[in-house]
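Everything below concerns the one structure shown next.
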Amino acid sequence: MRKGFRGIFFGIAALMAACSLQPDMVVMSDVDNSDWSDMATVKYLNNELDECDMSIVLHVNPRFKQKHLTLEITMLTPDSLRLTEQVRFDVEHSPQRKTLAATDVEIPYRRNLKLKHKGQYVWQITPSHSIEGVESAGIKFQANN
């Protein structure tokens with residue numbers, strides 16, 4: 001009887017822990033896929049004060065050939081602070097030659113980032129030069145629990 005009770009207890013505890021985990025969230029903005037040069041703006045409503053990992057996500061078609069990207073990324077916080085940085089990324093992407101389907105390219109950006117304020121954060125992503133083949137750009141937020 002004691003083993004059965006312990007199993008039920010751990011089962012319920014595991015279920016409660018799983019329910020509290022937030023899934024990954026990806027926020028995207030459409031861009032001009034023939035010549036992405038304008039700013040892509042994404043908004044994220046932060047309800048938790050947990051740490052998260054962030055990745056830049058690009059939805060690309062077979063015309064995307066970049067091996068390196070330089071992006072200017074600006075973060076606007078709910079308390080009106082602004083941080084702008086220019087970041088160079090190496091891109092690991094092998095386009096599918098046999099299909100015209102678009103794919104996603106995920107590039108690690110920040111690890112263990114603590115968003116200190118509840119409210120809406122805004123990120124502005126601007127390439128340093130025109131890029132062909134990007135259909136949308138955004139950020140993936142992955143909770144660290």
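Computed from a prediction, not measured in an experiment: that's the story for all the values here.
When all heavy atoms of P127 and D38 are compared, the pair lying nearest together is CD-O, 3.9 Å. Annotation for T41 and S29: closest pair O-CB, 3.4 Å, computed over non-hydrogen atoms. Nearest heavy-atom pair, H59 versus A102, reported as atom, atom and distance to 0.1 Å: NE2-CB, 3.3 Å. Here the shortest heavy-atom pairing between I125 and W36 reads O-CZ2, 3.8 Å. Across all their heavy atoms, D24 and K140 have their closest contact at OD2-CE, 3.2 Å.
Within the structure, salt bridge (Lys or Arg N to Asp or Glu O under 4.0 Å) pairs that include any residue of residues 107-128 comprise E85-R110 (at least two apart or interchain). Counting only residues at least two apart or in different chains, ring-ring contact (aromatic ring centres under 6.0 Å, His included) contacts with residues 106-135 comprise Y121-W123, W123-F141.
Residue E135 forms a side-chain contact (heavy atoms from CB on, under 4.5 Å) with just one option from N33, D30, D32, and that option is N33.
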**OP:** Go through E51 and L113 one step at a time and tell me if the side chain to side chain contact (heavy atoms under 4.5 Å, CB included) criterion holds.
**Re:** CA-CA 5 Å; E51 289 183 354; L113 177 68; over 6 Å; no
Subject >> Trace of the side chain to side chain contact (heavy atoms under 4.5 Å, CB included) decision for L69 with V91 >> reply: CA-CA 7 Å; L69 283 177; V91 179; 3.8 Å; yes
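Taking a cutoff of 4.0 Å between a charged side-chain nitrogen and a carboxylate oxygen, K65 and E132 do not qualify as a salt bridge.
Judged by distance alone, with hydrogens and angles left aside, the side-chain atoms of S128 form a donor-acceptor pair with the main-chain N or O of T70 at under 3.5 Å.
Both I139 and M25 sit in one connected hydrophobic cluster of ILVMFWY residues. Membership requires side-chain heavy atoms under 4.5 Å apart, directly or through other members. Residue V26 is not grouped with residue I107 when hydrophobic side chains (ILVMFWY) are merged at heavy-atom distances under 4.5 angstrom, including chains of intermediate members. Hydrophobic clustering of Ile, Leu, Val, Met, Phe, Trp and Tyr side chains at less than 4.5 Å, counting indirect connections, keeps V42 apart from V57. The cluster map of Ile, Leu, Val, Met, Phe, Trp and Tyr, joined by side-chain heavy atoms under 4.5 Å apart, puts L76 and I56 in different clusters. If you chain together hydrophobic residues whose side chains sit under 4.5 Å apart, M28 and V31 never meet in one group.
Residues T126 and L71 have side chains not in contact (no heavy-atom distance under 4.5 Å, counting atoms from C-beta outward). Using a 4.5 Å heavy-atom threshold, the side chains of D104 and L58 count as separate.
To the nearest 0.5 Å, the span separating CG on L115 from SG on C52 amounts to 4.5 Å. How far OG of S34 is from CD1 of I131: 12.5 Å, rounded to the nearest 0.5 Å. Put simply, CE on M54 and CD on Q142 are 12.0 Å apart, with the number rounded to the nearest 0.5 Å. How far CE of M75 is from OH of Y44: 13.0 Å, rounded to the nearest 0.5 Å.
Under the side chain to side chain contact (heavy atoms under 4.5 Å, CB included) criterion, S37 pairs with D35, S130, sequence neighbours left out.
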